[in-house]
There are 2 protein chains.
Amino acid sequence: MTDDLKTSILQASVQLIEDGGVGALSMREVARRAGVSHQAPYHYFPDRESILSEIVREGFTLLHDMTAEKVARVESPAAMIEAMGLAYVEFALRHSAYFQLMFRSELVNLNRHPETKAAADRTFELVIDIVTRAYGAAEPGAPRASAEDGEDPVIRRVIACWSMVHGLSHLLLEGKLDRHHGGSPEARLDAARALVSVYVEMIAPGLPQR
Amino acid sequence: MTDDLKTSILQASVQLIEDGGVGALSMREVARRAGVSHQAPYHYFPDRESILSEIVREGFTLLHDMTAEKVARVESPAAMIEAMGLAYVEFALRHSAYFQLMFRSELVNLNRHPETKAAADRTFELVIDIVTRAYGAAEPGAPRASAEDGEDPVIRRVIACWSMVHGLSHLLLEGKLDRHHGGSPEARLDAARALVSVYVEMIAPGLPQR
DNA sequence: ACAGCGCCCTTGACAGTGTCAAGCCCCAGA
DNA sequence: TCTGGGGCTTGACACTGTCAAGGGCGCTGT
């Protein structure tokens, strides 16, 4: 397999974070694990941030695909919103290394990495699309304001959905909710799933169930 | 002003984060700004994490007090929930250095710092108390389950409130929502305030308005 | 056949970091 | 006057990311 060092470096980085948290991330240790010299990674990437940026890009793509796939399996608006939320927390908990990097702008500044930003935007567009479809089916005539986005009800709902599942994911990963379910990964996922259902009832009380 | 170096170090640390983000935090730079040698801070603290832990402790205390004060000013259950949410996002945006450290377990592991953990727990207890009072006033007879906390409706609501405002705060601080309001601090706060109102309507649709 | 080139990677050095280990200065108390 | 120790400094170490240079090796053109 040619050009394998590049992917080895990315994989080793993710593994390192999963093993010891993002605080344990060191490119020299990554190189060590990949069995190369400490400068080998920088043959493929200009600097450390670019390596992390590539991981973030993969993360957003993965989240996008997981979301699209889960949402495609259901029919009703309410189920779509729920599937979207489930995809988010499952992604966060199962691929926590990716998730953490994706929301740490001091490690990866998306403005310096247009391709990664594009991947993030694609994911966001997908979410907007799903929310629009879910609520559009519920309120077929709802107009889509575009002058002032802050007033756009769709954007508002997107931000509401996103904040809830994002906050839940972040608090779970930080261990802030451990006392309410014990800290094992499976317990976390179960708690997350239950809470997503609750959230969906709250955020989408009027959505058709089927 | 005796013993002032200790507080100078804490202040300089916070200032450094506010200036350049948590990535720019360096204890040697802190010492430089305080005008002392690079080891002076470690006369008062055993290690870097303990310095940050002290800041986190102050942060939780500040959040606790801001929340209590804002909630005390209002009467109705709905207004209490809203005041609590506002206190949270305002704290996060106005004291972002504290907020970021408080939710970064790789920098400060609360299990290693019992006093800080106690401050965090006090804040959490306050929130539980507020939610209990707000919903208790709305549903006077509601029982308080305690065997399995995950099933406790109060805890559920607390986590719901918390997730929403925490996710909103985190996304705002990460700049993920900038495109929908422009990135200035004041615009962020305004957007946050508007969204908290929306959230309160969602999470507490049935609460008395006065 | 062979010189030259470019890709892939290594080696070495540098400034920066947090932390360990001493040591220095000065003042209170005996 | 001597002693002890609180408050800080100095120096060293291992570690980090990054800059600069160089080495080996397969392909290509002549």
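A, B, ... follow the sequence lines: proteins, then strands. Residue 1 opens every chain.
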Looking at A/His113, is its backbone amide N or carbonyl O close enough to the side chain of A/Ser53 to form a donor-acceptor pair, meaning the two atoms are under 3.5 Å apart?
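The answer is no, because no donor-acceptor pair under 3.5 Å joins these two groups.
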
Is it true that a side-chain atom of A/Glu90 and a backbone atom of A/Leu189 form a donor plus acceptor pair closer than 3.5 Å?
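No; judged by distance alone, with no hydrogens or angles, the pair does not exist.
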
Where do A/Val127 and A/Cys161 land on the side-chain contact (heavy atoms from CB on, under 4.5 Å) test, with the steps shown first?
CA-CA 9 Å; A/Val127 172; A/Cys161 293; 5.9 Å; no

Look at the rings of [X] and [Y] and say which category their plane angle falls in: under 30° parallel, 30 to 60° tilted, over 60° perpendicular.
| X | Y | value |
| --- | --- | --- |
| B/Phe103 | B/Tyr88 | tilted |
| B/His166 | B/Trp162 | perpendicular |
| A/His170 | B/His170 | parallel |

Distance alone, cut at 3.5 Å: any donor-acceptor contact between the side chains of B/Asp129 and B/Thr132?
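No pair is found: no donor N or O on one side chain lies under 3.5 Å from an acceptor on the other.
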
Could you check which residues of residues 10-23 of chain B get a heavy atom under 4.0 Å from DNA chain D? Sort them by number, please.
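Residues of residues 10-23 of chain B that come under 4.0 Å of DNA chain D do not exist, since none gets that close.
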
Please say whether the positively charged group of A/Lys6, taken as NZ for Lys or CZ for Arg, lies over the ring of A/Phe45, i.e. under 6.0 angstrom from the six-membered ring centre and within 45 degrees of the axis.
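That pair qualifies as a cation-pi contact.
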
Do any N or O atoms of the protein come closer than 3.5 Å to N or O atoms of nucleotides 4-8 of chain D, and which pairs are they?
| residue | atom | partner | partner atom | Å |
| --- | --- | --- | --- | --- |
| D/dG7 | OP2 | B/His43 | NE2 | 3.4 |
| D/dC8 | OP2 | B/Tyr44 | OH | 2.2 |

Going 5' to 3' along nucleotides 12-21 of chain C, which nucleotides have protein heavy atoms under 4.0 Å from the base (write B), which only from the sugar-phosphate (write S), and which from neither (write -)?
BB---SBBBB

Might you work through the side-chain contact (heavy atoms from CB on, under 4.5 Å) test for A/Glu58 and A/Leu101, ending with a clear yes or no?
CA-CA 11 Å; A/Glu58 290 179 358; A/Leu101 251 34; over 6 Å; no

Could you walk me through whether B/Phe99 and B/Arg94 pass the side-chain contact (heavy atoms from CB on, under 4.5 Å) check?
CA-CA 9 Å; B/Phe99 185 81; B/Arg94 287 226 263 258; over 6 Å; no

